[in-house]
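As the structure lists them, so they are numbered: ligands from 1, and atoms in each ligand from 1. We're numbering straight along the sequence, starting at 1. Note that the structure is predicted; figures quoted are calculated from it, not measured.
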Amino acid sequence: MVLSRRTLLKLGVLGGALAVMPLAPSIATYTADRPAPSPQIPRFVRPLAVPPVLRPVRSTATTDYYEVTQREAQVEILPGLPTTIWGYNGLFPGPTFRVRSGRTIVVRHTNLLPDGVVVHQHGGVTPPESDGYPTDLIPPGGSGAYVYPNQHRAATLWYHDHAMDRTGFHIYMGLAGFYIVEDEGEDRLSLPKGAYDVPLLLQDRRFAADGSLVFAPLGHIAVDGDVLLVNGVPWPRLEVANRKYRFRVLNGSNSTTFRLALGSGQPLTVIGTDGGLLPAPVQTPEIRLAMAERVEIVVDFSAYPIGSQVVLENRDGEGQLGQIMRFDVVRQEADDSEVPQTLRAMEQLSEAMAVRTREFVFGPRPTLNANPPVEMVINGQEFDPNRIDARPRLGDVEIWRLKGATLLGLGGRQSHPVHIHLVSFQILDRDGARPAPYEAGWKDTVVVPFDQEVRVIMRFDGYRGKYIMHCHNLEHEDMAMMTNFEVV
Ligand code: C2O
Ligand code: CU
Ligand code: CU
């Protein structure tokens, strides 16, 4: 049986005596110690894989029906070594959904895994019963259906597991994939399309010598890998033509933040954020991308002679973690795509529209059951599925002040990528300063550093019901850093 994080915490196991705990039929190692380095492998050898787009099993005039089986599978991530993963349809990452805005889909999930699962469409405007509430589990051997009306402008969303206390482990094992919404407004633009529109899921992982995954939450503070995967391939290379490409970049790591830049020094052209296209493209030398955040960029490889190699770097990573993947410019091609100066109109939410301001403090509080002796909470309280901490009214605009906090430096100097379900928000300011221009679009996740206050503004549109807000450092989330709000 897989023990829950909170159970482990209560038993005093994490960071404590039990060094290595094998999980259900030794699929992976769960360790409380700092683990050994992964096997060394060469970089920029294997080609980038792009997850297949899932097709519906049947369609009616209004609705497309999909089926997904969650199961264990063996895949080759490190050369010549088998890795057991948990995958949607046995894939790591899962298949990509590409759906039309306004068209409903129904996804039936069958759970062949040894643990209860629940699926959340991250960034979606989803009725509460299909939002993947952490305790709405599909038991092993069971199945369940999710209805997604897709009342969402075009955007790069994703779907992933959201099981209470175990989201971190489940996503680490592979339960995540892209969910891309398209619409006519975006169709009309001549942005790079088809093979030139490439999703990139960034994740770090750690492996044992036999290729199995090693899950080391280090006292549930963070999970750090030493191998960088893009779409499940370690440090891949992508052969590109000398033209423009659109990349939809998702940080699907448990606890790792990236600072993206091109090794050539060419600036990145940002066209979209979590919630889709920005009003206008923004040039920036680098992009900070925390867990669960998405950024859409266009890179024009016509700036390079054929034969050039351009590395996508992570300026926050040391050693081999400083490099993510490599683009090899290998061929000449005509390019009729363009990045228009106006991408999409965006309603700017103003402070004057807000009817209420709420405050949430994200930080550690003392506990005797952990090492270090702190747990991560919101407003000093552990998550309780039965306690509602905010009741915004449907249609209201509110400002939420999200504050980081520390506790005498104990496990405290971490930032918290705060994610709010159901709504898209705009960032008003960070400690009074305007957000970076590339963050000035619709967001559903925002980094709250331990020493800052971030104000976000949003309209509670969509559905009434119970939803959650939580830190997307999955170790913090699984610990207790989650809260309920109910739209009334
Ligand atoms: Cu990406 Cu509540 O999750
Ligand atoms: Cu979400
Ligand atoms: Cu956190």
Side-chain angles (χ1 to χ4, degrees), residues 93-94 118-128 130-136 146 148 152 155-168 170-172 175-179 201 203 217-223 250-257 274-275 290-294 360-365 374-379 382-383 385 402-407 411-425 442-452 454 458 462-463 466-485:
V118 59
V119 186
H120 170 58
Q121 186 204 108
H122 179 123
V125 183
T126 306
S130 285
D131 196 49
Y133 194 79
T135 51
D136 288 347
Y146 299 85
Y148 301 123
H152 202 293
T156 303
L157 312 180
W158 61 305
Y159 67 106
H160 60 73
D161 190 77
H162 218 305
M164 182 83 153
D165 297 343
R166 330 230 241 279
T167 296
H170 288 183
I171 292 182
Y172 193 82
L175 294 176
F178 280 98
Y179 191 104
L201 168 56
Q203 295 173 310
L218 301 175
H220 56 72
I221 286 303
V223 169
L250 157 62
N251 180 354
S253 302
N254 283 43
S255 316
T256 301
T257 294
D274 302 340
M291 298 75 94
E293 285 187 301
R294 287 86 71 207
F360 297 91
V361 180
F362 293 77
R365 74 166 192 190
V374 291
E375 64 177 338
M376 291 295 182
V377 295
I378 302 174
N379 286 349
E382 268 193 9
F383 177 61
L402 312 172
K403 289 171 90 156
T406 58
L407 181 74
R413 301 175 72 83
Q414 299 189 57
S415 57
H416 306 287
V418 174
H419 169 48
I420 309 177
H421 283 216
L422 178 70
V423 294
S424 289
F425 54 75
W442 291 109
K443 297 280 294 166
D444 55 51
T445 306
V446 63
V447 179
V448 177
F450 70 93
D451 57 354
Q452 280 187 17
V454 181
M458 67 222 124
Y463 302 94
K466 186 163 87 163
Y467 293 91
I468 49 179
M469 167 170 73
H470 59 86
C471 178
H472 226 288
N473 177 328
L474 300 178
E475 300 322 302
H476 296 181
E477 170 186 343
D478 279 347
M479 210 173 165
M481 201 171 238
M482 181 146 68
T483 179
N484 291 301
F485 63 93

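Residue side and main chain included, His419 places no N/O/S atom under 2.8 Å of atom 2 (Cu) of ligand 1. Counting backbone and side-chain atoms alike, His470 contributes an N/O/S atom closer than 2.8 Å to atom 2 (Cu) of ligand 1. At least one N, O or S atom of His419 sits under 2.8 Å from the Cu ion (ligand 2).
Inter-residue side-chain proximity for Asn254 and Asn473 is flagged as unmet; no heavy-atom pair is nearer than 4.5 Å.
Listed here is the closest heavy atom pair of Tyr146 and Val119: OH-N, 3.0 Å.
Each of His470, His419, His122, His170 was compared with His162 under the ring pair (Phe, Tyr, Trp, His ring centres under 6.0 Å) criterion, and only His470 meets it. Residue His120 is tested with Asp131, Asp161, Thr167, Asp136 for a side chain to side chain contact (heavy atoms under 4.5 Å, CB included); the sole match is Asp131.
Glu293 contributes atom CD, which lies 8.0 Å from atom CG of Asn251 (distance to the nearest 0.5 angstrom). The CD atom of Glu477 sits 13.5 Å away from the NE2 atom of His416 when rounded to the nearest 0.5 Å.
For the residue pair Gln414/His476, the side-chain donor-acceptor check at 3.5 Å is satisfied.
Centroid-to-centroid, the aromatic rings of Tyr179 and Tyr148 come within less than 6.0 Å.
Protein contacts to the Cu ion (ligand 3) involving N, O or S atoms at a distance below 2.8 Å are His416 ND1, Cys471 SG, His476 ND1.
Atom 2 (Cu) of ligand 1 is closest to atom NE2 of His421 (considering only N, O or S atoms). Looking only at its N/O/S atoms, His120 has NE2 as the one nearest to the Cu ion (ligand 2).
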